[in-house]
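Written out below as C-alpha cells is the structure these notes cover.
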Amino acid sequence: MPTDTKRVRGPEVSQSPSLFSCDPAAVLPSKGPRADGRRRDQVDVRPVFVRCGLVSQAKGSAYLEAGNTKLMCCVYGPRETDRKDETNMKCGRLTTDMRFAPFSCPERGSWIQGSQDKDFSLMLHESLQPAICLHKYPRSQIEVNVMVLENSGSVLAHAVTCASLALADAGIEMYDLVLGCSMRQDGTSYVVDPSYMEENCWNSVSCENQGGLTVAFLPSLNQISGLQSDGEMTEETLTAGVRTCIEGCYKLYPVIQHALTKAVRKAAPSQSES
C-alpha cells in the first residue's frame with residue numbers, strides 16, 4: 001500500500017500532557033530563616049569567591065561566585081574605535097555587553113541577546129562609566145563583556161562588581177572600584193542579596209511595598225553611580241533600602257580588595273627576575 005511521504009507521522013507511543021505541565025510557583029515563608037540559612041531583615045550577603053586574570057586572551061578578566069550565581073567578565077582595550085564617526089578626540093568610549101548563557105536559568109534561553117540582556121547591559125554601562133577615567137583614553141574604546149554562567153539571583157549587582165574587578169585587572173585607570181548590592185522588599189520584610197526564588201516569588205497578597213532595588217556604589221568616594229528599582233515601594237522604604245545596599249557593599253569591599261591585591265602580587269615580577 002503506498003504511503004504519503006509528505007505527512008509527518010505521529011509518535012507510536014504517547015505521553016500524558018500532565019508530564020509537561022509547569023510546576024506551581026513555590027511560596028516562600030515570610031518569617032524565620034531563609035532557605036540557605038541567612039537571616040531576614042539583616043545585611044546578610046552570600047559568601048563571595050573572586051579570582052582575576054583567568055582569561056589570557058583578554059586585557060583583564062574576573063570570575064565571581066556568590067552562592068550559585070556564577071559570572072565571568074572580560075575586558076578588551078583600550079583600542080581604536082570600530083566606527084570612525086563615533087571617535088571622540090577628548091575622551092574614550094565605554095561599551096558594555098551582558099549576556100546569559102542558555103543553560104544559566106531554569107528555563108533554557110537563547111544565545112541571541114534579549115530585552116532583559118539589553119536592559120542589564122545599559123544598567124551596567126551607567127554604573128561603570130562614572131568610575132572610569134575615560135579622558136585618559138582619547139580616540140579609543142574599552143569593551144566590557146559579562147557572561148552569566150548560572151543565575152541564582154542578584155545577577156546585576158554581582159555583574160557590576162565582577163566588571164569593576166576585571167577593569168582594575170586590565171589596568172584601566174579608575175576613580176574607585178564599583179560594588180553592587182541588591183535587596184528585595186516584601187511588605188514589612190526584606191532580604192539582602194536575594195536568590196533566584198526570592199526574586200521571583202511573592203509572599204504578600206497585596207502589591208503594596210513590594211519591589212527590588214540594586215545599587216552600584218563607589219566605597220572610597222562614598223558615592224552612588226547607579227540605581228535600579230522595580231515594583232512599588234514607599235519613599236521611606238526606598239531610602240532605607242539604599243542604606244541597606246550601601247552597607248552590603250561595604251561588607252564586600254575587603255573581599256574584592258584582597259582578590260585584587262593577590263592578583264597584582266602574582267603578576268608583579270619577582271626580585272630574582274628583576
Same cluster or not: [X] versus [Y], using hydrophobic residues (I, L, V, M, F, W, Y) connected whenever any side-chain heavy atoms lie under 4.5 Å apart?
X	Y	answer
Met72	Tyr76	no
Val55	Val75	no
Leu156	Met197	no
Leu64	Met174	yes
Tyr196	Val146	no

Begin from the C-alpha positions of Val178 and Thr161 and carry the test side chain to side chain contact (heavy atoms under 4.5 Å, CB included) through to its verdict.
-> CA-CA 6 Å; Val178 188; Thr161 304; over 6 Å; no
So how far is it from [X] [atom1] to [Y] [atom2], rounded to the nearest 0.5 Å?
X	Y	atom1	atom2	answer
Asp117	Leu124	CG	CG	12.0 Å
Tyr190	Gln185	OH	CD	8.5 Å
Ser127	Leu122	OG	CG	9.0 Å
Glu143	Arg93	CD	CZ	9.0 Å
Asn151	Phe100	CG	CZ	5.0 Å
Gln129	Ile142	CD	CD1	10.5 Å

Qualifying residues under side chain to side chain donor-acceptor pair (under 3.5 Å), relative to [X], sequence neighbours excluded:
X	value
Ser225	none
Asp97	Arg99, Gln113
Thr239	none
Thr96	none

Without swapping roles, check the side chain of [X] against the backbone of [Y] for a donor-acceptor pair under 3.5 Å.
X	Y	value
Lys251	Val43	yes
Ser140	Glu80	no
Ser164	Leu177	no
Thr244	Ala240	yes
Ser121	Met98	yes
Thr234	Thr237	yes

Flag for Tyr63-Glu65: side-chain donor and acceptor within less than 3.5 Å | yes
I'd like to check [X] versus [Y] (side-chain heavy atoms, cut-off strictly below 4.5 Å). Are they in contact?
X	Y	result
Leu149	Thr69	no
Ser182	Pro194	yes
Val264	Lys266	no
Ile224	Ile246	yes

Pairs flagged by ring-ring contact (aromatic ring centres under 6.0 Å, His included) wherever residues 243-265 is involved - sequence neighbours left out | Phe217-Tyr250
Pair listing, ring-ring contact (aromatic ring centres under 6.0 Å, His included) test, anchored in residues 121-168, at least two apart | none
Residue pairs involving residues 42-60 (criterion side chain to side chain donor-acceptor pair (under 3.5 Å); sequence neighbours excluded) | Arg46-Asp193
Got a sec, which residues hit salt bridge (Lys or Arg N to Asp or Glu O under 4.0 Å) with [X], two or more places apart in sequence or on another chain?
X	answer
Asp176	none
Arg243	none
Asp36	Arg38
Glu150	Lys70

Looking only at heavy atoms, which two atoms of [X] and [Y] are closest? And how far apart?
X	Y	answer
Glu126	Pro130	O-CD, 3.2 Å
Ser104	Val148	CB-O, 3.4 Å
Gly180	Val160	N-CG1, 4.4 Å
Arg184	Asp230	NH1-OD1, 3.2 Å

Using the side chain to side chain contact (heavy atoms under 4.5 Å, CB included) rule, take Cys73 and Leu165 through it: C-alpha gap first, then chi angles, then the decisive distance, then the call.
-> CA-CA 9 Å; Cys73 179; Leu165 195 60; over 6 Å; no
How far apart are the C-alpha atoms of Arg39 and Asp41, what are their side-chain angles, what is the distance that settles it, and do they pass the side chain to side chain contact (heavy atoms under 4.5 Å, CB included) test?
-> CA-CA 7 Å; Arg39 296 170 295 175; Asp41 303 325; over 6 Å; no
Val50: which of Ile256, Leu252, Leu71 passes side chain to side chain contact (heavy atoms under 4.5 Å, CB included) | Ile256
Any Lys/Arg nitrogen of Glu198 or Arg34 sitting under 4.0 Å from an Asp/Glu carboxylate oxygen of the other?
-> yes
Steps toward side chain to side chain contact (heavy atoms under 4.5 Å, CB included) verdict (Leu94, Leu128) = CA-CA 9 Å; Leu94 175 67; Leu128 295 176; 4.1 Å; yes
Under 3.5 Å donor-acceptor pairs involving side-chain atoms of residues 166-173, not counting sequence neighbours:
unit_1: Asp169; atom_1: OD2; unit_2: Ser61; atom_2: N; d: 3.1

